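What you are looking at is a predicted structure, and each value in this text was computed from that prediction instead of being measured.
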Amino acid sequence: LLDYRLGKQDGLEVLRELKNRDVALPVIFLTGQGDEEVAVQAMKAGAADYLPKSKLSAPSLGAAVRYALTLHKKEEAVRVARRALQASEQRFRALVENSSDVIGMVDAEANILYISPSVQRLMGLTPEQLVNTCLFGHVHPRDLAWLRRAFEALLQSPGVPMPAEYRMRHQDGSWRAVESTVVNRLQDAAVSAVVINQRDVTERRALQEQLLHSQKMDAVGQLAGGVAHDFNNLLMVITSYAELLSQSICDTNGKAQSQAQEILKAARRAAGLTHQLLAFSRKQVMSPRILDLNTVLADIGRMLPRLIGEDIQVAIKPAVSLWTVKADPLQIE
């Protein structure tokens, strides 16, 4: 029960201070002669009821107290619900604004209504720059046609999550691979939007491509190793017969002897090529020996142009008076 006249401070000031401090206390305001203006100000300031002192009685006071307590219970329920709603909104905002994923809301025409701050990492643009723009305007042209069809189908299936992968343009002009889940919540009164959860998977896609390339290269290496082994066995037969042929040819027949030597040279060069293939496929057993690195580089220099393509030039500059090393030549190659 709060009187209007309190000496240095009137009841209205006390009532306003109680409300400013969020003191959950039902107040019945008392006025001296039933001043209507003071009563109206008291009700605006948050009083549950007011009573003029001239008409104060046990029944009127009892009725006012019961009414004030009933009103207080209703207001307390509203305050509890409001605090719960505020806490829920704060948790939602904390989750959305600190998430690495991009969470957005668009209307039925795919115009962006809301997008979380993490979009700046994905697209290099702030939410303020993206709101009220069309989502399709940021999608790669090659992904646009099917994405529009998928969006139209989504509008016909409320509440059904739809996965989608497409590319979005970054402010620097690059394209980012996006993995998203889209749900139509247009008919939900609390949302009234299409909700999109996007995740940047550009680096993951690049790693997957590298893995596939590595697996392909491993398969090529295994194939090269298998072929090189078989080819090396054939070359051993060719080399052996060429050596026997060279030994059996009479020294006086210089032309035949020269031809046999050319067969041997070609077979040995081919054997060297198979050894290099085995080295690249890591199928060759290590056998270190004393090497001149300049010689090893000169040998591998004949094979490198076929490996790296015509758009790259290779220049080998051997050092003068280079020390020898003990190493496996295939490992050096």
Side-chain angles (χ1 to χ4, degrees), residues 170 172-177 201-333:
H170 192 277
D172 61 10
S174 64
W175 294 99
R176 310 295 294 178
V201 293
T202 306
E203 294 181 2
R204 191 174 76 188
R205 291 286 180 271
L207 290 174
Q208 288 174 344
E209 291 178 2
Q210 291 177 13
L211 176 61
L212 289 174
H213 181 70
S214 175
Q215 291 173 340
K216 289 179 182 178
M217 292 303 296
D218 186 58
V220 170
Q222 291 181 359
L223 176 64
V227 171
H229 271 299
D230 294 340
F231 190 55
N232 198 45
N233 292 335
L234 294 174
L235 288 173
M236 288 180 63
V237 177
I238 295 172
T239 303
S240 299
Y241 277 100
E243 288 178 348
L244 292 173
L245 181 63
S246 177
Q247 293 172 4
S248 63
I249 293 175
C250 179
D251 292 338
T252 57
N253 191 348
K255 184 176 180 180
Q257 181 73 21
S258 174
Q259 291 174 344
Q261 289 298 321
E262 288 300 322
I263 294 174
L264 272 173
K265 289 179 182 179
R268 286 166 181 165
R269 285 196 298 269
L273 180 60
T274 61
H275 290 163
Q276 291 173 343
L277 289 174
L278 289 170
F280 288 131
S281 62
R282 296 178 174 87
K283 302 291 185 181
Q284 183 71 16
V285 179
M286 290 182 61
S287 55
R289 62 176 185 266
I290 303 301
L291 296 175
D292 180 356
L293 292 181
N294 288 335
T295 303
V296 176
L297 284 177
D299 291 340
I300 195 66
R302 289 189 288 270
M303 186 178 182
L304 277 176
R306 293 191 293 272
L307 292 174
I308 61 178
E310 299 177 353
D311 56 334
I312 299 176
Q313 294 183 352
V314 179
I316 297 177
K317 298 181 180 180
V320 180
S321 303
L322 188 66
W323 289 7
T324 56
V325 297
K326 185 177 183 180
D328 184 336
L330 296 178
Q331 294 296 318
I332 296 295
E333 292 172 359

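- Looking at every heavy atom in both residues, Ile263 comes nearest to Ala242 through CG2-CB, 3.7 Å.
- Residue Thr239 holds its OG1 atom at 10.5 Å from CG of Leu234, rounded to the nearest 0.5 Å.
- Around atom CD of Gln313, no more than 12 heavy atoms belonging to other residues, nucleotides or ligands sit under 6.0 Å away.
- At distances below 3.5 Å, at least one donor-acceptor pair connects side-chain atoms of Ser240 with backbone N or O atoms of Met236.
- Between the side chain of Asn294 and the backbone N or O of Leu322 there is no donor-acceptor pair closer than 3.5 Å.
- One finds the CD atom of Gln208 at 6.0 Å from the CZ atom of Arg204 (value rounded to the nearest 0.5 Å).
- Note that the CD atom of Glu209 and the NZ atom of Lys216 stand 9.5 Å from one another [nearest 0.5 Å].
- Rounded to the nearest 0.5 angstrom, Gln261 CD and Leu264 CG are separated by 5.5 Å.
- Ala267 approaches Ile238 most closely through the heavy-atom pair CB-CG2, 4.2 Å.
- At distances below 3.5 Å, at least one donor-acceptor pair connects side-chain atoms of Thr202 with backbone N or O atoms of Ala177.
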Given the rule in the side chain to side chain contact (heavy atoms under 4.5 Å, CB included) test, do Leu291 and Arg289 qualify, once you have shown the distances and angles that lead to the verdict?
-> CA-CA 6 Å; Leu291 296 175; Arg289 62 176 185 266; 4.0 Å; yes

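- Under the 4.5 Å side-chain criterion, counting only non-hydrogen atoms from C-beta, Thr295 is not in contact with Leu293.
- In this structure a side-chain-to-backbone donor-acceptor pair under 3.5 Å is missing from Ser174 to His170.
- Atoms CG and CD1, on Leu297 and Ile332 in that order, are 8.5 Å from each other to the nearest 0.5 Å.
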